[in-house]
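Just so it is clear, the model here is predicted, and its values are computed rather than measured. For ligands, and for the atoms within them, numbers begin at 1 and follow the listed sequence.
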Amino acid sequence: MSSNEFDLIRRYFWGLGGGEAIRLGIGDDAALLDLPPGEVLVASVDTLVEGVHYPEDTFPEDVGYRALAVAASDLAAMGASPLACTLALTLPAADELWLQAFSEGLARACADCGLPLAGGDTTRGPATVITIQVFGACPAGAALRRDGARPGDRVCVTGTVGDAAAALAILEERWHPGPEAAAVLLERFNRPTPRLALGERLRGAATAAIDVSDGLLADLGHIAAASGVAIALDSAALPLSPALAAAGEQGRAWALGGGDDYELAFTLPAEAALPEGCTHIGEVREGSGLSVDGEPADASGYRHF
Ligand code: ADP
Ligand code: MG
């Protein structure tokens with residue numbers, strides 16, 4: 001790499017390193033990470049392509065924040081404790097204003113998620129592409145998988161669902177709520193909150209878990225299929241933010257079918273206590289497939305729409 005590129009990395013990314021797990025970080029050929037004794041490495045990677053995964057006019061701070069938050073959500077869904085991340089960045093040009101703002105958003109997410117930057121790669125290319133790999137740790141056998149749901153378990157979800165789909169409708173000018181509601185929903189899309197602490201707490205309690213990236217029904221469909229069970233949801237129980245509750249049937253459709261919320265959906269045995277901030281939205285049953293209010297449903301939504 002040229003000294004120019006190295007200056008960019010030093011200026012914008014060097015400060016995002018540090019942290020207990022990184023024995024050797026940015027600056028060598030590869031990073032060395034410490035893994036707690038007896039634990040397994042949990043690894044996941046996600047890519048954001050400008051214009052595909054976020055609108056081109058998104059603030060670069062939000063792009064940086066969201067890129068890491070989205071990747072970190074997969075660690076939460078596995079019940080992993082965060083260790084570190086790496087960043088592969090493809091840019092059409094070395095736009096320093098963009099890099100400054102992007103790295104500030106990324107730094108905030110690194111701090112919020114406990115995922116310091118251990119290294120990366122920087123290349124020139126025809127479009128902005130951001131790939132973030134995240135590393136976590138978990139005792140072998142304790143990871144939250146998709147295949148453990150059992151008939152009789154409760155189906156639960158963290159936070160509120162449908163907000164990111166509503167934000168997308170605002171960005172695409174399909175929906176026009178008041179400015180206050182719009183600001184709250186756009187923040188939910190641009191700055192998702194990966195549920196890392198809750199994921200760790202669910203180890204040994206939840207029988208299955210997934211993060212809601214494609215939509216509640218689509219993602220619960222993955223748990224149902226992997227576990228060989230049916231999942232029945234009660235639409236009246238869905239946790240909706242005030243703006244979505246006010247949007248009536250459309251709000252519930254976003255909650256069931258919309259993606260990008262990065263909440264955790266999980267199954268909990270009947271005897272386990274429901275953690276704070278979580279809502280009981282349905283039941284695991286014998287059989288296969290999904291239903292909402294007793295009606296068969298598919299991943300795209302439910303039949304009423
Ligand atoms: P190599 O050519 O050996 O692959 P690079 O020149 O790509 O090394 O990177 C030099 C150092 O800078 C490495 O430690 C790498 O991890 C780090 N690095 C490169 N790009 C980034 C980035 N976007 N974010 C963080 N670290 C980076
Ligand atoms: Mg390299």
Practice problem: Say whether, by atom type as modelled, one donor and one acceptor occur between the side chain of Ser227 and the main chain of Ile223 under 3.5 angstrom. | Solution: yes
Practice problem: May I ask you to list the atoms of ligand 1 that are less than 4.0 angstrom from any heavy atom of Gly27? | Solution: 11 (C), 13 (C), 14 (O)
Self-check item: Whether over 12 other heavy atoms sit under 6.0 Å from Glu96 CD
Solution: yes
Practice problem: Check whether any N or O atom of Phe6, backbone or side chain, sits under 3.5 Å from an N or O atom of ligand 1, and answer yes or no. | Solution: no
Quiz item: What do you reckon, does Leu89 have a nitrogen or oxygen under 3.5 Å from a nitrogen or oxygen of ligand 1?
Solution: no
Quiz item: For ligand 1, which atoms have a heavy atom of Asp29 less than 4.0 angstrom away?
Solution: 3 (O)
Exercise. Return the set of residues passing side-chain hydrogen bond (donor to acceptor under 3.5 Å, both in side chains) with Asp234 (not counting sequence neighbours), or none when no residue passes.
Key: none
Exercise. Scan for ring pair (Phe, Tyr, Trp, His ring centres under 6.0 Å) pairs involving residues 232-254, sequence neighbours excluded, and state none if there are none.
Key: Trp175-Trp254
Quiz item: Which of the atoms of ligand 1 are close to Leu87, meaning less than 4.0 Å from one of its heavy atoms?
Solution: 22 (C), 23 (N), 24 (N)
Self-check item: Six-ring centre of Tyr262, Arg195 cation under 6.0 angstrom, axis tolerance 45°
Solution: no
Practice problem: Could you check which of Ile26, Ile9, Asp28 puts a non-hydrogen atom nearest to atom 13 (C) of ligand 1? | Solution: Asp28
